[in-house]
Participant: 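This structure is in structure tokens; I'll ask about it shortly.
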Amino acid sequence: MTQSAQSEIGIHPEERLDRAAIQALQLERLQWTVRHAYENVEFYRNKFDEAGVKPEDVKTLDDVQKLPFTTKHDLREYYPFGMFAVPMDQVRRIHASSGTTGRPTVVGYTQNDLDNWADLIARSLYASGVRPGWKVHNAYGYGLFTGGLGAHGGIERLGCAVIPMSGGQTEKQVQLITDFQPDAIMCTPSYLLTIADAFEAAGLDPRATSLKVAICGAEPWTDAMRHELEERLDLKAVDIYGLSEVMGPGVGNECVETQDGPHIWEDHFLPEILDEDLRQVPDGTPGELVFTTLTKEAFPVIRYRTRDLTELLPGTARPGHRRIAKITGRNDDMIILRGVNMFPTQIEEIALEDPELSSHFILELTRKGKMDALTVKIEPREGVSHEHVDESVRTLQHHIKSRIGTSVAVEAVPSGSLPRSQGKLQRLYDLREQG
Ligand code: DLL
């Protein structure tokens, strides 16, 4: 394919740059971003001045470590538009992420930002195995959430037909997938499971759909869940990563040929991993993922603390760009049970090993006296006998104890009794205040 044909469908040559060329581009863009943020956003100017750093102090990529961090709290303080770095007449789109409490976090995009976003989604889709001319069923929520509209722009940019279904209305999803015959679907992994269940409930075989690829993200999921989705729907499931504060979906994406964790599109974002003392750690060491945007005009972020836990790994299918390992969880989702740290993804991994158990489970945290207790409520698969269910419950409890190191209660609950995902799934219910 010629270079011009590539850029026509949104595959930018920068995606293919080697590591040294990417790093050179990163430095140039980091210097631009730092100056842009310093000159146009009061928050960054104040923070830099307090820390005694000036934009011209960034001479190498390592110098990013001299710069102050940005947190979600900082963004909320400047609600709604105080972190924007361009006048409002240059802003073409506003999104917001709700969060569980308080004010939403508001983000903005110029026309260039929207173009870059569409290019990066197109690039992500191409890496996922999607090709121009395909139909793509988009079941990420439309609206203030970046998932729906973000994906939408990139699907069109790649030269595909978008089916803008949004989330919810699961029976209608089944009908449209059956009638419109899309080649690919975009939704959260937990919602794809809801859709698979709905196919079965309608007496249809989820393996018989036209879908070849699912581009899943917006919540943590494990390789065990990938396997489950691929088996149940007979497709390839690839991981798309992103967050509104940094752009939205498409900050990184897995390549379908390797399925080994999202490549971060490093020509647009500079990732770092930090330890608990907020010091940068070498690649291959787990910690908190932090991003500096490199091309964002309306809403640059400098050293934004995502709270997502992962590690940076060398690039494979796109050697110039590093990968992240699948996100273990957010450090806010970490459950500390009697001194032992654990994440819902660890339970997912263990539960899905048992063919008698379904992937529908929730975690309930309660308190009896001074002791916290965790109960895993899980639905067995349809048609499994009582004795087998009892056996599976005991085995799950045993494996959690031996691999995570803490005792939990496991309770089998009737099929269909647990809440089903409509988008981002809530696994953990903290009932301690009421206990
Ligand atoms: O969830 C953007 C997005 C939409 C990504 C659609 C992928 C697909 P927020 O609502 O701001 O944005 O939530 C961002 O979701 O910090 C992670 O904790 C989590 N997250 C997103 N993608 C993944 C993923 C969108 N692939 C937060 N794996 C992030 C694990 C993910 N967690």
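Because the structure is predicted, anything quoted here is derived from the model rather than measured. Scope of the values below: all heavy atoms of this structure, side chains included, with no hydrogens, waters or symmetry mates. Every number for a ligand or one of its atoms is a count from 1 in the order of the listing.
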Participant: Report the distance from atom CD1 of Ile264 to atom CG of Leu312, rounding to the nearest 0.5 Å.
Facilitator: 7.5 Å
Participant: Answer yes or no on whether Arg92 is positioned over the face of Tyr109, meaning its NZ or CZ is under 6.0 Å from the six-membered ring centre and within 45° of the axis.
Facilitator: no
Participant: Out of all atoms in ligand 1, which are within 4.0 Å of some heavy atom of Ile327? Include the element for each.
Facilitator: 28 (N), 30 (C)
Participant: Counting only heavy atoms, tell me which of Gly242, Gly217, Gly148, Gly261 gets closest to atom 21 (C) of ligand 1.
Facilitator: Gly242
Participant: Return the orientation label for the Phe84 and Phe81 ring planes: parallel under 30°, perpendicular over 60°, tilted otherwise.
Facilitator: tilted
Participant: Decide whether the shortest distance between a heavy atom of Lys424 and an atom of ligand 1 is less than 4.0 Å.
Facilitator: yes
Participant: Heavy-atom contacts with Pro220 under 4.0 Å: which atoms of ligand 1 show up? List them by number with element.
Facilitator: 30 (C), 32 (N)
Participant: With a cut-off of 4.0 Å, which atoms of ligand 1 are near a heavy atom of Thr146?
Facilitator: 2 (C), 12 (O)
Participant: Below the 3.5 angstrom mark, is there an N/O of Arg330, backbone or side chain, next to an N/O of ligand 1?
Facilitator: yes
Participant: Could you pull out every donor-acceptor pair under 3.5 Å between side chains of residues 266-273 and any protein atom, sequence neighbours left out?
Facilitator:
| from | atom 1 | to | atom 2 | distance (Å) |
| --- | --- | --- | --- | --- |
| Glu266 | OE1 | Gln26 | NE2 | 2.9 |
| Glu266 | OE1 | Arg322 | NH2 | 3.1 |
| Glu266 | OE2 | Arg19 | NH1 | 3.0 |
| Glu266 | OE2 | Arg322 | N | 2.9 |
| Glu266 | OE2 | Arg322 | NE | 3.0 |
| Asp267 | OD1 | Arg123 | NH1 | 3.0 |
| Asp267 | OD2 | Arg123 | NH1 | 3.4 |
| Asp267 | OD2 | Arg123 | NH2 | 2.7 |
| His268 | ND1 | Thr295 | OG1 | 2.8 |
| Glu272 | OE1 | Gln280 | NE2 | 2.8 |
| Glu272 | OE1 | Arg303 | NH2 | 2.7 |
| Glu272 | OE2 | Arg303 | NE | 3.0 |

Participant: Side chain, backbone, both or neither: which part of Leu243 comes within less than 4.0 Å of ligand 1 when only heavy atoms are counted?
Facilitator: both
Participant: Closer than 4.0 Å to some heavy atom of Tyr140 - which atoms of ligand 1 meet that?
Facilitator: 6 (C), 8 (C)
Participant: Answer yes or no on whether Lys212 is positioned over the face of Trp134, meaning its NZ or CZ is under 6.0 Å from the six-membered ring centre and within 45° of the axis.
Facilitator: yes
Participant: Please determine, by modelled atom types, if Asp197 and Thr194 share a side-chain donor-acceptor pair under 3.5 angstrom.
Facilitator: no
Participant: Which heavy atom of the protein is the closest neighbour of atom 28 (N) of ligand 1, given with residue, atom name and distance?
Facilitator: Glu219 O, 3.3 Å
Participant: So, using ring pair (Phe, Tyr, Trp, His ring centres under 6.0 Å) as the criterion, who are the partners of His321 when residues are at least two apart?
Facilitator: Trp265
Participant: Please report whether ligand 1 has a polar contact with Ala218, defined as an N or O pair separated by less than 3.5 Å (distance criterion only).
Facilitator: yes
Participant: For Leu289 and Leu309, what are the C-alpha separation, side-chain angles and deciding distance, and is it a side-chain contact (heavy atoms from CB on, under 4.5 Å)?
Facilitator: CA-CA 6 Å; Leu289 182 58; Leu309 301 174; over 6 Å; no
Participant: Could you list which atoms of ligand 1 come closer than 4.0 Å to a heavy atom of Phe145?
Facilitator: 1 (O), 4 (C), 10 (O), 25 (C)
Participant: Less than 6.0 angstrom separating the ring centers of His152 and Tyr142, yes or no?
Facilitator: yes
Participant: Among protein heavy atoms, which sits nearest to atom 18 (O) of ligand 1, and what does the distance come to when rounded to 0.1 Å?
Facilitator: Asp308 OD1, 2.6 Å
Participant: Closest non-hydrogen protein atom to atom 11 (O) of ligand 1, residue and atom name please, with distance?
Facilitator: Ser244 OG, 2.4 Å
Participant: Of all the atoms in ligand 1, which lie at a distance below 4.0 Å from a heavy atom belonging to Pro249?
Facilitator: 2 (C), 3 (C), 4 (C), 5 (C), 6 (C), 7 (C), 8 (C)
Participant: Between Tyr304 and Phe291, is the gap from one ring center to the other below 6.0 Å?
Facilitator: no
Participant: Considering distance alone, does some N or O of Trp221 sit under 3.5 Å from an N or O of ligand 1?
Facilitator: no
